[in-house]
Amino acid sequence: MTATTSILVTGASSGLGAGLAKSYAAPGVRLALTGRDAARLEATADACRANGAEVITGLFDVSEAASFGHWLLEQDALAPFDILLPCAGVSAGTTVEGEPEGLALATMQVRANLLGTINTIEPLLPRLIGRGVGRIATIASSAALRGLAYSPAYSASKAGVRAYGEGLRALLTPKGISVTVVVPGFFDTPMTERWQGPTPFMVSLDKMVSVVRKGLDRKAKRVTYPRLLALGQQAADLMPAAWGDHIMRNFQFHIEPGH
């Protein structure tokens, strides 16, 4: 890693964002970290500084495009970004009784997960293309592979992130920019703690960070982990629709309020 490495991480106050920020933190690295929780974001920043990184932080809701985009361009002007890691995201689901998420929760997830990813990447694309170099990750989910009956809006938002990343990769690879589409399953985070139901093949946050980091470092086109969970989702999608729907209905869970 060179002395000029500049990395953007959104959602750095917890979960995968915080884990990747700490993983990349080292002397000669500049980290631009964003989140919505000031105390948790500063805790991540302190840990990264302790590892020798230069750290700048910004409190942003990534769904608010204007103010966030202005800050992104300011930071890129100070230290051109080499790596973009849009990890910010939220989740919700049906009630315990199985009632749909409702318009407010559904819209919140699409804005934070899909539009938040787009709001992070799009303002910087002209500059990355102009420089002809850079790495981008998009953080989807195994829920993107086959919609979950008890969290349809979350599934839709992450399916959008996956499709957006796949399209970006095809577009940007000839321009010298690598795009890695990350499709994680269950891993141990505050978001997962709110999940009340089965969590097949769940791994630790450290394991997921390690897998994703290795994929990013080798410029993998996709990082899908755990593979068995993804294969199950893909198999359900390839089945006749009624069979897949039956499987998804029997995968019962609900998500406690909060994000």
Side-chain angles (χ1 to χ4, degrees), residues 15-16 86-118 137-170 179-189 191-205 207-208 211-212 215 220-259:
L16 186 60
C87 299
V90 298
S91 66
T94 59
T95 65
V96 177
E97 295 78 20
E99 294 298 318
E101 295 144 302
L103 179 60
L105 288 178
T107 302
M108 173 192 71
Q109 292 172 95
V110 173
R111 289 183 65 201
N113 298 337
L114 176 54
L115 294 183
T117 297
I118 292 172
T138 60
I139 311 299
S141 164
S142 61
L145 303 174
R146 214 295 183 179
L148 301 178
Y150 300 96
S151 196
Y154 176 78
S155 302
S157 70
K158 288 298 190 178
V161 171
R162 179 173 178 264
Y164 175 68
E166 298 280 0
L168 273 186
R169 190 181 61 235
V179 178
T180 300
V181 178
V182 181
V183 183
F186 294 102
F187 57 103
D188 187 18
T189 68
M191 186 181 291
T192 307
E193 290 173 5
R194 294 171 42 238
W195 177 286
Q196 302 299 307
T199 53
F201 308 108
M202 188 167 82
V203 299
S204 69
L205 173 60
K207 177 62 176 178
M208 188 62 73
V211 169
V212 173
K221 297 187 184 304
R222 294 182 182 132
V223 174
T224 303
Y225 188 83
R227 283 294 306 168
L228 282 176
L229 180 62
L231 289 171
Q233 291 287 90
Q234 290 169 321
D237 192 47
L238 292 172
M239 293 175 184
W243 297 5
D245 290 348
H246 178 74
I247 291 171
M248 292 300 108
R249 277 195 300 272
N250 282 284
F251 184 67
Q252 296 186 29
F253 62 89
H254 73 277
I255 301 173
E256 295 293 339
H259 53 272

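The figures here come from the full heavy-atom set of this structure, side chains too, leaving out hydrogens, waters and symmetry mates. Residue indices begin at 1 and follow the sequence shown. From a predicted model like this one, the values you see are computed outputs, not experimental measurements.
Between atom CE of residue Met239 and atom CD of residue Gln234 there is a gap of 12.0 Å, rounded to the nearest 0.5 Å. Remark: Phe201 CZ to Leu228 CG distance equals 4.5 Å, nearest 0.5 Å. Taking CD1 of Ile247 as the reference point, atom CD of Gln233 lies at 9.5 Å (rounded to 0.5 Å). With rounding to the nearest 0.5 angstrom, the CZ atom of Phe187 is 10.5 Å from the CE atom of Met202. Atom CZ of Phe186 and atom OG of Ser142 lie 6.0 Å apart (nearest 0.5 Å). Atom-to-atom distance recorded for Met208:CE and Asp188:CG is 11.0 Å, nearest 0.5 angstrom.
A donor-acceptor pair is defined here as one N or O able to donate and one able to accept, closer than 3.5 Å; such a pair exists between the side chain of Lys158 and the backbone of Ile139. Side-chain atoms of Ser155 come within 3.5 Å of backbone atoms of Leu148 as a donor-acceptor pair (strictly under, hydrogens ignored). Judged purely by atom type and a 3.5 angstrom limit, Asn113 uses its side chain to pair as donor or acceptor with the backbone of Val90. A donor-acceptor distance shorter than 3.5 angstrom exists from the side chain of Arg169 to the backbone of Lys221, with no hydrogens or angles considered. Panel note: side chain Thr224, backbone Arg227; no donor-acceptor pair is recorded below 3.5 Å. With hydrogens and angles ignored, the 3.5 Å screen pairs a side-chain donor or acceptor of Thr180 with a backbone N or O of Ala220. With hydrogens and angles ignored, the 3.5 Å screen pairs no side-chain donor or acceptor of Thr107 with any backbone N or O of Ala104. Counting only distance, with no hydrogens or angles, the side chain of Gln109 and the backbone of Leu105 share a donor-acceptor pair below 3.5 Å.
In plain terms, the two heavy atoms of Ala137 and Pro86 that are nearest each other are O-CD, 2.9 Å. The minimum heavy-atom distance between Val183 and Ala140, with the atom names listed, is CG2-CB, 4.4 Å.
Counting only heavy atoms from C-beta outward, the side chains of Arg146 and Asp245 approach each other to under 4.5 Å. By the 4.5 Å heavy-atom criterion applied to side chains, Val182 and Thr138 are not counted as neighbours.
Classification of Glu166 and Arg222 as a salt-bridged pair holds, one side-chain N sitting under 4.0 Å from a carboxylate O.
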Step by step, would you call Tyr225 with Val212 a side-chain contact (heavy atoms from CB on, under 4.5 Å)?
-> CA-CA 9 Å; Tyr225 188 83; Val212 173; over 6 Å; no
